[in-house]
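Step one of this worksheet: look at the structure below.
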Amino acid sequence: MWADANIDTQSENLKACKATLENMHVEYVKNIPDAKKVLCSDAQKVLIVSGGLGKILVPKIVETYLSASNLRSIIVYCQNVEFHKTWTQ
């Protein structure tokens, strides 16, 4: 699952990332309620999340879903790595 409020943005970087994932079943969501719905399914997931949405979403879901067998890992997709290191630790 890829959670990003700006998933519809047509930036070249985002297009390239989506193209890399085109052979995988990726569910794209734009908000926290939709992300929680997807995470509730039994299928195993890898969460790709933007830094901005991740800062809000990850703390809300990490205890519930990371311990469950269906969320395998979380990847934070961001441009400001140093800033996002503060809340990902």
>> Do K55 and F83 form a cation-pi contact, if we require the NZ or CZ to be under 6.0 Å from the six-membered ring centre and within 45 degrees of the ring's axis?
In response: no
> Could you give the distance from SG (C17) to CD (E22), rounded to the nearest 0.5 Å?
Replying inline: 12.5 Å
> Can you check whether L47 reaches L57 side chain to side chain, under 4.5 Å on heavy atoms?
Replying inline: yes
> For P59 and G54, which heavy atoms make the closest approach, and how far apart are they?
Replying inline: CD-O, 3.6 Å
> For the residue pair N6 and D4, what are the closest heavy atoms and their distance?
Replying inline: N-OD1, 2.8 Å
>> Any heavy-atom pair between the side chains of V38 and K45 that's under 4.5 Å?
In response: yes
>> Are I48 and L21 packed together at the side-chain level, in the sense that at least one heavy-atom pair is separated by less than 4.5 angstrom?
In response: yes
> Side chains of M1 and V46: closer than 4.5 Å at any heavy-atom pair?
Replying inline: no
>> I'd like to know if Y77 and M24 are part of one continuous hydrophobic network [Ile/Leu/Val/Met/Phe/Trp/Tyr, side-chain heavy atoms within less than 4.5 Å].
In response: yes
>> Within the structure provided, determine whether K36 and D34 are in side-chain contact (heavy-atom separation under 4.5 Å).
In response: no
> Under 4.5 Å between any side-chain heavy atoms of V49 and I75, yes or no?
Replying inline: no
>> Measuring only between side-chain heavy atoms, which start at C-beta, is I7 closer than 4.5 Å to W2?
In response: yes
>> If you compare all heavy atoms of V76 against all heavy atoms of G51, which two are closest, and at what distance to 0.1 Å?
In response: CG1-CA, 3.9 Å
> Does A16 offer a backbone N or O that forms a donor-acceptor pair with the side chain of T20 under 3.5 Å?
Replying inline: yes
> CD1/I32 to NZ/K37 distance, rounded to the nearest 0.5 angstrom?
Replying inline: 13.0 Å
>> Tell me every residue that passes side chain to side chain donor-acceptor pair (under 3.5 Å) with K30, counting only those two or more places apart in sequence or in another chain.
In response: D8
